[in-house]
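Read through the structure below, which is laid out as structure tokens, and then see the notes.
Per chain, numbering begins at 1; letters A, B, ... match sequence-line order.
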There are 2 protein chains.
Amino acid sequence: MDNRHNIVNLKTYQASCTNCNLKDFCLASHLDVMELEQFERIVERSQPLQRGQHLYRQSDKFHNIYIVKSGSIKNYITMQDGAECIFGFYLPGELLALDSIAKGEYASSAIAQQTTYICKIPYPSFERLCQQIPHLQEKLFQIAASKIAEAYNRQLLLAQRNSEERFAVFLLNQSDQIGKNGYSKNVFYLSMARQDIANYLGLACETISRLFTRFNNEGILQVKKKLIRIRDQKRLMAIASPTGLYPVQTAYRSELNSES
Amino acid sequence: MDNRHNIVNLKTYQASCTNCNLKDFCLASHLDVMELEQFERIVERSQPLQRGQHLYRQSDKFHNIYIVKSGSIKNYITMQDGAECIFGFYLPGELLALDSIAKGEYASSAIAQQTTYICKIPYPSFERLCQQIPHLQEKLFQIAASKIAEAYNRQLLLAQRNSEERFAVFLLNQSDQIGKNGYSKNVFYLSMARQDIANYLGLACETISRLFTRFNNEGILQVKKKLIRIRDQKRLMAIASPTGLYPVQTAYRSELNSES
DNA sequence: CGAGTAGTTGATCCGAGTCAATCGTCGTGG
DNA sequence: CCACGACGATTGACTCGGATCAACTACTCG
């Protein structure tokens, strides 16, 4: 139900990179025809994950990195007391498990929030391929670098911004990401529970609930459960960066995709 | 006031990687003799930075990545209203400016907190060298991956832990890092101001001050301005991870749905 | 239908921010 | 050599944002 907007048709999981609608956004972008063919030889696709299925779990042996093809993935860790901490929500085009390369085992867990198609890239083959395709190495460096920059921005968010600012930034990021995939930036489904948004933003779920209510009453949003409509983007952006974030704010989100 | 030109190429600091005391920690570790020689050919060393000098500034054109050889570097950004946000303190052996690779310009600023020696690595040469030395590429992937994992941990810290927990984690991290460089893990100088610690941890400097006082009174620390002595490491560790940070979690914890 | 779960709303409390006063140290100049 | 001002650190008093606790509502699913 709440997946209607994000699902792609069933045949896509057989499709090649060449005619994938994400080919300009993902790891394989900027490769020429020959290189793409080589790349494609190491990519594996399989049956989609269903909601609640894990792609990998923390402390599993590390083998692959993954790209989300459609659907969405929640990335988190579980602590000893059972509490979880959510590091991110991955939408189509994004690369998963980069944080796990150094350790030999997955540093976090990844679970599908809805029916989700995945491209699987065995890491050793990939590393070897990077030796043959400088573009590919370069691209991974760049993606890793953006991940670091993005993580820094989130640290800033968590360390210095209050609840409504965090929430506004979150909504705009979601909007952007969803927009990148060709859907409406103003009307979209949030695939995650309130509790997960709260956890991700370092807040209590009651706080998120109150913010939804308030933004709804103030005419900034129109909220119907998980269906969100942004009614006043200007105001939302003003809340997200009050005095203005540092110069090129949110640029990191677009650089994977934007042309160079 | 402006130090943009402060990297002067004297060939004076000839200390080679081969007999550098950091060679097992830094980017060049795990290279064989031949590879190390190639690597060394692209590394540049120059006069040390003095306290308050910038290594680079945010939005400068991106050219190099850097390794701290001795001293320490503060990494931060400045926001439009002049407020700053500190992302990290870099001690010897650490690699700087990874977050800037994707953008073509430095995403943050780096300033010396004391007299600091630096190894400078022109990024284009480095990228080319990675094509010839698989180990080097692998190493950079790993360092980038650890940076991401580290950033995730800090997000967890900022999102979910209270002031004394953050502070304890910070002290232990400092202790570890300093210990890695062969100094005492229990008695050390903090090179940064209280305000900077506070900023880094997302707290007010008064809070940090109170924590120093409290930990001192409780016999956990002995504090003399910037000289710190850890008197009760056990207790400090207990504060840093109350129920235990994230675990080597085993799969028996069967939650909602799972298994693929 | 009924039970279980997610979300909302209200009441209360507490940790840490803010404001303000004071102290100590350092560096400068008379 | 001391007086002075500047700045960082400490301490206290007060405030407030958001967590926590506790009902209550509304779906969803069996």
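The separation between A/I208 atom CD1 and D/dT20 atom C1' is 16 Å, rounded to whole Å. Distance CG (A/N216) to P (C/dT8): 10 Å, rounded to an integer number of Å. A straight line from CG of A/L211 to P of C/dT8 spans 11 Å, rounded to a whole angstrom. Atom P of nucleotide D/dA9 and atom CD1 of B/I228 are separated by 11 Å, given to the nearest angstrom. At whole-Å resolution of the value, CD in B/Q160 and P in D/dG18 are 16 Å apart. As a whole-Å value, the separation of A/M192 CE from C/dT5 P is 22 Å. The nearest whole Å value for the distance from the CG atom in A/L201 to the C1' atom in D/dG17 is 16 Å.
Residues B/R154 and A/Q155 bring a donor and an acceptor atom of their side chains to less than 3.5 Å of each other. A donor-acceptor contact closer than 3.5 angstrom links the side chains of B/Q50 and B/T115.
With axes fitted over five pairs at each extremity, the angle between the ends of the helix from C/dC1-D/dG30 to C/dG30-D/dC1 is 30° (10° resolution).
One finds a side-chain N or O of A/T213 lying less than 4.0 angstrom from the OP1 or OP2 phosphate oxygen of C/dT9. Of the side-chain N and O atoms in A/K225, one or more sit less than 4.0 angstrom from OP1 or OP2 of D/dT28.
For A/Y66 and A/Y90, the ring centers sit 6.0 Å or farther from each other.
Side chain of A/R161 to backbone of A/F167: no donor-acceptor contact under 3.5 angstrom is found.
Listed by chain and number, the residues in a salt bridge (charged side-chain N to carboxylate O under 4.0 Å, His left out) with A/K120 are A/E44 (sequence neighbours excluded). For B/E164, the side chain to side chain contact (heavy atoms under 4.5 Å, CB included) criterion is met by B/N162, B/L211, B/R214, B/F215, B/I239, not counting sequence neighbours.
Sequence neighbours left out, the pairs with a member in residues 184-197 of chain B that pass side chain to side chain donor-acceptor pair (under 3.5 Å) are B/S72-B/S191, B/K74-B/D196, B/Q113-B/S191, B/D176-B/K185.
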Can you give each donor-acceptor pair under 3.5 Å made by side-chain atoms of residues 198-207 of chain B, sequence neighbours left out, with the distance rounded to 0.1 Å?
unit_1 : atom_1 : unit_2 : atom_2 : d
B/N199 : OD1    : B/I86  : N      : 2.9
B/N199 : ND2    : B/E84  : O      : 2.8

In B/S/- notation (B base, S sugar-phosphate only, - none; protein heavy atoms under 4.0 Å), nucleotides 10-20 of chain C written 5' to 3' is BB----SSBBB
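Here the CD atom belonging to B/E94 is positioned 8.5 Å from the CG atom belonging to B/N181, to the nearest 0.5 angstrom.
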